[in-house]
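Working notes, structure below.
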Amino acid sequence: MTSSVQTATTTATVVRPDLAKQLRRGERWRRLQALALVAPLMGFLLAVFVLPIVYILYLAVASPEMRDVLPLTSERLSAWDGQGLPDEETYELLAREMAAAYEARTIAGLGTRLNYERAGFRSTIMKTARRAEDMAAPFKDAMIARNEAWADPQSWQIMKRAARPVTPLYVMQVLDLQFDEEGGIERVPAERSVYLDFLARTFWISGSVTLICVLIAFPLAFYAANAASSLRFVVLGAVLLPFWISVLVRTAAWMIVLQKEGLINGFLLSTGVISQPLELLFNRFSVYIAMIHVLLPFVVMPLYSTMRAISPVQLRAAGSLGASPFAGFWTVYFPQTLPGLSAGALLVFILALGYYITPALVGGPGDQMLSYLVTQFALELGNWGMAAAAAALLLICTFISYIAFRHLLGARGFMA
């Protein structure tokens, strides 16, 4: 009997580690299978979402032009102390490399890059490079004779900053900052301050559109959630109809409706309400109208889903306990709608921050948002550094807004 018990105990002792090892192996295999299933999706997201964002952030601070066109001069300027003017060897090296770059037709890109820091520098670079091959010692005197800009220490400070692989120039410019004569950072003059106005306007328009959408969407969603099924179908169909039409088509339709010869002005003129057509297009009013029309469903649908989950019995119970209809609505019903309301408002605000098509088509010069600058720099001016910096600023502001919104509402229990 004792021998049988000892044998069983020994067998169990041997089996348990093997069983545990098999269980761990099986769990590891299931994890590998799950990882293999999601790997294509993760790779797709990495390729089309994460990498472009990383590349945009890199372009916002990248400065490869100087090192690509004048590599030896860049190395020498990086080691230069920045005091006064460089020595004769630096002038000679710059002249020889500029001559080679002019022959290779690569100097123009460098001139454009340096022109971002000081207007007119591209002309200085091109004129000097065009005659650099004919220069002889002393190169310092020869270059200064060609252009007095080479006797200005600030010109060499700009060249030294451009020789670095990264630069804060583009980010500074979209924040209305600049380098002073000593290389420090200062605010641009008030008459040249442009980009922060674009940023403030973007937040103002986005916030206004979000608030108006909330004010319109709440009663609309409340009616749809409590209406008969036939009416609910009509209301939701009208709300969802814009999703079936492209943003460009909807914006073009508003241009037709709001123009001086459009439907609204035609009706008001025919009824005698006005004697002259109203200016309804290419202003802030038309921007609000068109953006609200596009973004309103993004508030209605989360609110509708939340309201449908709220039992109407709660309001009747509040009334039976002596609460007035308004008090019951405000203290019982409304707090339960805040998760859907906050989610919809956040979604509309974030979408509005990046809007471009609608303000560009129906707004005036004073109604353009930050995304307009991104398009202008990238497609019209070819300044990809500034385009990336403006896009990075918009991305960072959107991320900060999301974190602040989540923290504010999460602290009050409105969002999960």
Side-chain angles (χ1 to χ4, degrees), residues 200 202-243 250 254 264 267-268 273 280 284-353 355 358 398 400-416:
T202 299
F203 272 88
W204 177 263
I205 292 177
S206 301
S208 300
V209 168
T210 302
L211 178 61
I212 298 173
C213 282
V214 167
L215 294 177
I216 297 174
F218 196 95
L220 187 62
F222 181 82
Y223 178 80
N226 295 278
S229 58
S230 57
L231 291 176
R232 184 184 307 130
F233 177 79
V234 173
V235 173
L236 294 180
V239 171
L240 293 175
L241 182 62
F243 281 115
R250 280 176 277 174
W254 277 113
I264 295 179
F267 174 77
L268 294 177
V273 176
L280 302 177
R284 191 66 55 88
F285 171 79
S286 58
V287 172
Y288 285 152
I289 290 293
M291 289 183 65
I292 291 168
H293 176 238
V294 175
L295 296 175
L296 184 62
F298 292 99
V299 190
V300 173
M301 297 314 297
L303 265 176
Y304 170 77
S305 300
T306 303
M307 290 177 175
R308 285 289 294 170
I310 302 174
S311 174
V313 177
Q314 298 181 15
L315 288 177
R316 292 197 294 268
S320 66
L321 294 175
S324 65
F326 177 78
F329 172 84
W330 186 252
T331 59
V332 177
Y333 188 86
F334 181 74
Q336 297 183 72
T337 66
L338 288 176
L341 180 63
S342 59
L346 177 61
L347 184 58
V348 168
F349 183 75
I350 290 178
L351 289 174
L353 283 177
Y355 248 57
T358 300
T398 302
I400 293 175
S401 300
Y402 172 77
I403 295 299
F405 205 94
R406 293 281 300 187
H407 178 75
L408 178 64
L409 296 177
R412 289 163 172 77
F414 298 160
M415 300 185 74

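Bear in mind the structure is a predicted one, so any value in this text is a computation, not a measurement. Computation of the quantities below employed the complete heavy-atom set of this structure, encompassing side-chain atoms and omitting hydrogens, waters and symmetry-equivalent molecules.
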- Query: Heavy atoms, side chains only, cut-off 4.5 Å: are Tyr304 and Val235 in contact?
  - Reply: no

- Hey, what's the ring geometry for Phe349 with Phe203, parallel, tilted or perpendicular (30° and 60° as the breaks)? tilted

- Where do Pro302 and Gly340 come nearest, in terms of heavy atoms and distance? CB-O, 3.5 Å

- Task: Hey, could you give me the CD1/OG1 distance between Ile292 and Thr358, rounded to the nearest 0.5 Å?
- Result: 11.5 Å

- Are the side chain of Ser320 and the backbone of Ala317 linked by a donor-acceptor contact shorter than 3.5 Å? yes

- Within-4.5 Å side-chain heavy-atom neighbours: Ile205 and Tyr288: yes

- Query: For the residue pair Ala352 and Met291, what are the closest heavy atoms and their distance?
  - Reply: CB-CE, 3.8 Å

- Message: With rounding to the nearest 0.5 angstrom, report the CD1 to OH distance, Ile310 to Tyr333.
- Response: 4.5 Å

- Heavy-atom closest pair, residues Leu303 and Thr337: CD2-O, 3.9 Å

- Query: Which heavy atom in Cys213 sits nearest to a heavy atom in Leu296, and how many Å separate them?
  - Reply: O-CD1, 3.5 Å

- Message: Side chains of Tyr223 and Met307, heavy atoms from C-beta outward: is any pair under 4.5 Å?
- Response: no

- Item | Beyond-backbone contact of Arg406 with Leu346, side-chain heavy atoms, under 4.5 angstrom | yes

- Message: How long is the straight-line distance from CD1 of Ile212 back to CG of Leu215, given to the nearest 0.5 Å?
- Response: 7.5 Å

- Student check: side-chain heavy atoms of Leu236 and Met301 closer than 4.5 Å: yes

- Do you know which two heavy atoms are closest between Thr331 and Ala327, and how far apart they sit? OG1-O, 2.5 Å

- Task: Take Tyr355 and Leu295 through the test side chain to side chain contact (heavy atoms under 4.5 Å, CB included) and record every step on the way to the result.
- Result: CA-CA 11 Å; Tyr355 248 57; Leu295 296 175; 3.7 Å; yes

- Tightest non-hydrogen contact, residues Phe405 and Ala345, listed as CZ-CB, 4.2 Å

- Query: Should the pair His293 and Trp254 be assigned to parallel (<30°), tilted (30 to 60°) or perpendicular (>60°) ring geometry?
  - Reply: perpendicular

- Leu341 and Leu338, any side-chain heavy atoms less than 4.5 Å apart: yes

- Query: How are the rings of Phe329 and Phe222 set to each other: parallel, tilted or perpendicular (split at 30° and 60°)?
  - Reply: perpendicular

